[in-house]
Amino acid sequence: MAEPRLRPPDPGAVRRITSLTNPVVKGVRGLWLAKNRRASGLFLAEGLKLVMDAVEFGWPLRRLVFATGRDGGEHLDELASGCRKGGGEVLEVSEAVLAKIARRDNPQTVIGVFEQRFRPAESIEPARDSTWIALEEVRDPGNLGTIIRTGDAVGAAGVILVGDTVDPYSVETVRATMGSVFHVPLVRADHAGFAQLAAAWPGSIVGTHLAAVDDYRQTLYRRPTLLVMGAERSGLGEPTAALCSDLVRIPMDGAADSLNLAVATALMLFEIRRDELRLP
């Protein structure tokens, strides 16, 4: 779906930048790098719809960057006004500057800068009917973004990132979530913290495993359910697999010996959801 057309906001309230070497531009562009995101606690979201979704879900804009010379629409006015009222900064930049920030020749017309949000693992108190997703050392940003999006689609309560997992606030991951990163709570936990969480979990802890015997479609998932998925290449580590109350397999009839992680997670989530709808 095409983005709404834009009209620049009130010119008296906008900072205009045309220099590619401006330090503010360098700072915003630097958020492509994980070290800068870690140091600042900020991240980028590209595109008017994505930025509008974030604001709608209660994420304050810290910076709003838009390209000059675009016509039509009132959406940018609203975003800029909200950004200024919340203490953020509105930047009107040239096409060349926006392309430099976005690292491509035909960038989105709007880029938003937001603060990252993580919940502590110890704050999780799973509701009776909830489903949580735990991902151990996932490496691919596209997979992570797709899983967050799928979790949003099934109404998952949140995603727990266990160990050395790819940054959920990288530009690639945020893009792959299609806005769900602003709706699905994220939790970071080391392996020890996740083991403590698992020890107190009141329902099923289910993981997929190559050595599992039980078919994922024939397993009864006790609520609340914690779905644990492993890294793309190696799957669940044995210590994490040992924390699961149920290990299941997804049967395959062809020559492939594994599924893409995001696809496998989607199959599991919708089967768990089907079980939840079936159970009293």
Side-chain angles (χ1 to χ4, degrees), residues 1-117 141-142 145 148-149 152 167-183:
M1 182 173 66
E3 289 193 348
R5 292 175 63 79
L6 308 179
R7 181 177 67 219
D10 177 7
V14 177
R15 180 175 179 183
R16 290 178 176 78
I17 298 177
T18 58
S19 172
L20 296 174
T21 61
N22 183 283
V24 175
V25 171
K26 290 182 177 180
V28 175
R29 187 172 186 264
L31 294 176
W32 276 83
L33 299 178
K35 66 177 183 180
N36 292 334
R37 292 193 299 273
R38 284 194 299 268
S40 66
L42 302 174
F43 70 101
L44 298 176
E46 300 176 300
L48 180 61
K49 184 180 185 304
L50 194 60
V51 174
M52 289 172 62
D53 286 347
V55 172
E56 182 181 349
F57 288 128
W59 291 64
L61 265 166
R62 295 304 170 221
R63 276 201 172 103
L64 176 67
V65 185
F66 72 94
T68 191
R70 305 299 177 99
D71 295 325
E74 60 188 19
H75 304 282
L76 189 57
D77 280 331
E78 296 171 359
L79 287 176
S81 176
C83 181
R84 293 193 300 269
K85 287 179 181 177
E89 184 177 32
V90 180
L91 306 177
E92 180 182 358
V93 301
S94 65
E95 293 283 354
V97 169
L98 193 67
K100 184 178 181 66
I101 292 173
R103 294 189 173 185
R104 49 182 171 178
D105 292 335
N106 296 300
Q108 299 276 1
T109 50
V110 169
I111 294 176
V113 177
F114 297 91
E115 291 184 6
Q116 301 173 28
R117 292 182 184 178
I148 292 171
R149 184 181 178 187
D152 192 10
D167 185 0
Y169 291 112
S170 71
V171 174
E172 297 89 346
T173 304
V174 171
R175 187 184 297 151
T177 71
M178 296 292 289
S180 291
V181 71
F182 298 110
H183 192 234

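Keep in mind that the numbers below use all heavy atoms, side chains included, and drop hydrogens, waters and symmetry copies. These numbers were taken from a predicted model, which means no experiment stands behind them.
- Of all heavy-atom pairs spanning V181 and P168, the tightest one is CG2-O, 4.2 Å.
- Looking only at side-chain heavy atoms (C-beta outward), S40 and L31 come within less than 4.5 Å of each other.
- Summarising the geometry of A176 relative to G142, their closest heavy-atom pair is CB-O, 4.0 Å, with the distance given to 0.1 Å.
- Taking all atoms of both residues into account, the shortest heavy-atom contact from Y169 to R117 is OH-O, 2.7 Å.
- Two residues are said to be in side-chain contact when any heavy atoms from C-beta on lie closer than 4.5 Å; V28 and L44 meet this criterion.
- Two residues are said to be in side-chain contact when any heavy atoms from C-beta on lie closer than 4.5 Å; V110 and L76 meet this criterion.
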Report all side-chain donor-acceptor pairs from residues 50-66 shorter than 3.5 Å, counting only partners two or more places apart or in another chain.
residue : atom : partner : partner atom : Å
D53     : OD2  : K49     : NZ           : 3.0
W59     : NE1  : F182    : O            : 3.0
R62     : NE   : E115    : OE2          : 2.9
R63     : NE   : E89     : OE1          : 2.7
R63     : NH2  : E89     : OE1          : 3.1

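- Checked against side-chain contact (heavy atoms from CB on, under 4.5 Å), K85 has the following partners two or more places apart in sequence or in another chain: S81.
- Listed here is the closest heavy atom pair of L20 and A96: CD2-O, 3.6 Å.
- For the salt bridge (Lys or Arg N to Asp or Glu O under 4.0 Å) with D167, the lone residue among R37, R38, K35 that qualifies is R37.
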Test side chain to side chain contact (heavy atoms under 4.5 Å, CB included) applied to V93 and K100, step by step: CA-CA 11 Å; V93 301; K100 184 178 181 66; over 6 Å; no

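- The shortest heavy-atom contact between N22 and R15 is ND2-NH2, 4.3 Å.
- Nearest heavy-atom pair across S94 and T68 is CA-CG2, 4.3 Å.
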